[in-house]
Amino acid sequence: MKFPELTARRGVVALSVTQILSWGSSYFIPAVLSRQIAADLDLPVAVVFSGITVMLVVGSTIGPALGRRTDRIGPRDILVVGSVLLALGLAFLGLSTGLASYALAWSLIGLAMPMVLTQTPFAAVAQLMPHAARRALGWLTLLGGLGPPIALPALAAMEPVFGWRGVCFALAAMQILICVPLHAALRFDPRNLTGGDGETAPGDRGLTDPALRRRAFIIIGIAFACTGFVSWGLPVQMVVIGEALGMELALAVGIAALMGPAQMVSRGLETAFGQRMHILDVGVYSAAAVGIACALPAIFGGGAIVYALCVIGYGLGTGAMTIVRVVAPLTVFGRRGYAEIMGKLNLPLNLIFATSPFALSASVAQLGPIATLALCALLSAICVVGLYRLQRIV
């Protein structure tokens with residue numbers, strides 16, 4: 001079947017649409033449907049949420065090899081295959097009858113993860129708009145951030161009508177009917193392929209010395225591991241921490257809700273004005289904002305106003321850092337081999353991210369909210385130091 005081709009800018013918009021649909025069809029499913037799935041399959045809710053862990057582990061494992069292939073042949077076919085695999089995983093999820101079939105479904109979704117979530121779409125943007133990759137990646141991240149406010153209420157509205165199995169089948173159909181055609185319509189200039197024979201855009205060649213590249217890779221991996229541990233693990237604890245600080249549930253929920261708008265504001269500012277500042281400078285300031293925000297309750301106490309400032313500062317810092325984690329490797333290492341670099345980075349990072357919600361949950365329970373926030377401030381400080389040292393190399 002021949003699909004109409006999309007121009008570069010329309011391609012970025014199309015990828016933003018498929019990102020929203022794909023995140024809503026994977027990562028956010030347990031957040032809304034966990035109780036229904038647990039009751040139907042006779043599984044603990046914690047086991048239902050472990051599907052996300054399976055997805056991250058499987059996706060991380062195939063990430064580096066998939067990145068090398070993306071650099072060689074281009075991302076379009078991989079995006080299409082990823083949408084089909086995600087649809088297949090969702091269909092298996094809707095048909096699951098117990099733990100084994102449930103784990104198999106999430107394994108298939110995990111295979112699709114690096115193909116349709118972040119890694120390959122970001123490589124696609126770098127190849128669609130090589131001379132404006134930073135801004136295009138910023139737009140993709142900004143528009144992709146609409147996923148939670150769209151996906152969560154949509155899933156909640158669909159479940160009473162279709163049941164959780166029907167929701168899975170409907171999401172699978174969306175992948176086939178919407179995402180596959182959009183991915184197939186993307187048009188890539190073969191000269192922009194980022195594999196060994198590809199060309200690099202002027203001014204975007206990155207480090208060339210192998211020793212410096214290895215050193216930069218280690219530094220950026222440690223820095224992103226620290227900040228990613230905080231940004232993946234702390235959001236699900238925000239309400240719990242607010243309650244532990246003595247707030248009523250409604251107030252804790254209201255304050256925690258400030259995080260999303262703050263993230264969107266910082267992403268918008270970075271996308272609109274970030275070209276005036278080096279991406280590593282944005283990273284240093286963003287990580288510092290997260291660290292300072294997390295330290296506020298320890299310094300000034302855990303009142304509602306202080307905690308609101310903490311949540312807003314955290315949202316501003318992590319929102320911009322989302323773009324930094326995508327653009328910094330492109331700036332440091334260049335476009336050539338970008339998908340492979342992202343795959344290699346994501347292999348350890350996703351494994352760390354998968355443990356962070358459990359680790360910070362245990363920290364809040366055992367050490368308390370102040371100590372947990374202090375730990376997050378320390379990890380953010382390590383990220384600041386790492387990105388600052390990386391600036392000296394680049």
Side-chain angles (χ1 to χ4, degrees), residues 18-67 69-70 77-121 147 151-152 154-155 158-159 162-180 183 232 236 343 346-358:
T18 62
Q19 284 280 277
I20 292 172
L21 288 174
S22 297
W23 279 106
S25 301
S26 54
Y27 182 77
F28 295 111
I29 286 178
V32 179
L33 305 178
S34 59
R35 285 180 293 180
Q36 295 89 336
I37 295 173
D40 197 359
L41 300 184
D42 194 24
L43 297 173
V45 171
V47 172
V48 172
F49 273 97
S50 70
I52 300 297
T53 303
V54 173
M55 179 185 78
L56 289 170
V57 171
V58 172
S60 301
T61 302
I62 70 167
L66 182 69
R69 186 159 183 80
T70 303
D77 291 344
I78 292 174
L79 287 165
V80 171
V81 171
S83 294
V84 173
L85 272 176
L86 181 52
L88 186 62
L90 288 164
F92 269 81
L93 184 60
L95 294 170
S96 58
T97 57
L99 179 59
S101 53
Y102 182 76
L104 173 62
W106 279 103
S107 297
L108 289 171
I109 294 172
L111 289 175
M113 176 187 169
M115 299 184 188
V116 295
L117 299 177
T118 66
Q119 180 177 314
T120 304
L152 293 176
L155 291 173
M158 291 168 67
E159 195 280 329
F162 302 107
W164 74 267
R165 295 182 186 274
V167 171
C168 292
F169 297 140
L171 295 175
M174 289 181 189
Q175 287 295 316
I176 298 298
L177 298 177
I178 299 176
C179 294
V180 167
H183 287 155
W232 274 76
V236 296
N346 287 336
L347 176 56
L349 292 181
N350 283 338
L351 298 179
I352 292 172
F353 299 164
T355 65
S356 61
F358 304 102

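Sequence positions, counted from 1, serve as the residue numbers for this chain. The model shown is predicted, which means the values in this text are computed figures rather than measured ones.
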Which atoms form the tightest heavy-atom contact between [X] and [Y], and what is the distance?
X      : Y      : value
Ala151 : Gly24  : CB-CA, 3.6 Å
Pro114 : Thr120 : O-OG1, 2.7 Å
Leu117 : Ser22  : CD2-CB, 3.5 Å
Ala112 : Leu85  : CB-CB, 3.9 Å
Ser34  : Pro30  : CB-O, 2.9 Å
Gln119 : Gly343 : OE1-CA, 3.3 Å

Report the distance from atom [atom1] of [X] to atom [atom2] of [Y], rounding to the nearest 0.5 Å.
X      : Y      : atom1 : atom2 : result
Thr355 : Trp232 : OG1   : CH2   : 11.5 Å
Thr70  : Met115 : OG1   : CE    : 8.5 Å
Trp164 : Ile29  : CH2   : CD1   : 9.5 Å
Leu93  : Ser101 : CG    : OG    : 9.0 Å
Thr97  : Asp40  : OG1   : CG    : 10.0 Å
Tyr102 : Ser50  : OH    : OG    : 6.5 Å

I'd like to know whether CZ of Arg165 has more than 12 heavy-atom contacts from other residues, nucleotides or ligands below 6.0 angstrom.
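It does: Arg165 CZ has more than 12 such atoms within range.
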Can you establish whether the number of heavy atoms outside Phe353 located under 6.0 Å from its atom CZ is more than 12?
yes
Candidates Leu90, Val180, Val84 - the one meeting side-chain contact (heavy atoms from CB on, under 4.5 Å) with Gln175:
Leu90
Among Leu86, Leu21, Leu155, which one satisfies side-chain contact (heavy atoms from CB on, under 4.5 Å) with Leu171?
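Of the listed residues Leu86, Leu21, Leu155, the side-chain contact (heavy atoms from CB on, under 4.5 Å) partner of Leu171 is Leu155.
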Taking the side chain from [X] and the backbone from [Y], do they hold a donor-acceptor pair closer than 3.5 Å?
X      : Y      : result
Glu159 : Val32  : no
Thr53  : Phe49  : no
Ser107 : Ala103 : yes

Stepwise side-chain contact (heavy atoms from CB on, under 4.5 Å) test for Thr118 and Trp23:
CA-CA 10 Å; Thr118 66; Trp23 279 106; 3.6 Å; yes
Under a 4.5 Å cut-off applied to non-hydrogen side-chain atoms, are Leu111 and Ile62 in contact?
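Yes, close enough: below the 4.5 Å cut-off.
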Just wondering, do Leu351 and Val57 contact through their side chains at under 4.5 Å, heavy atoms?
yes
Step by step, would you call Met174 with Ser25 a side-chain contact (heavy atoms from CB on, under 4.5 Å)?
CA-CA 9 Å; Met174 289 181 189; Ser25 301; 5.7 Å; no
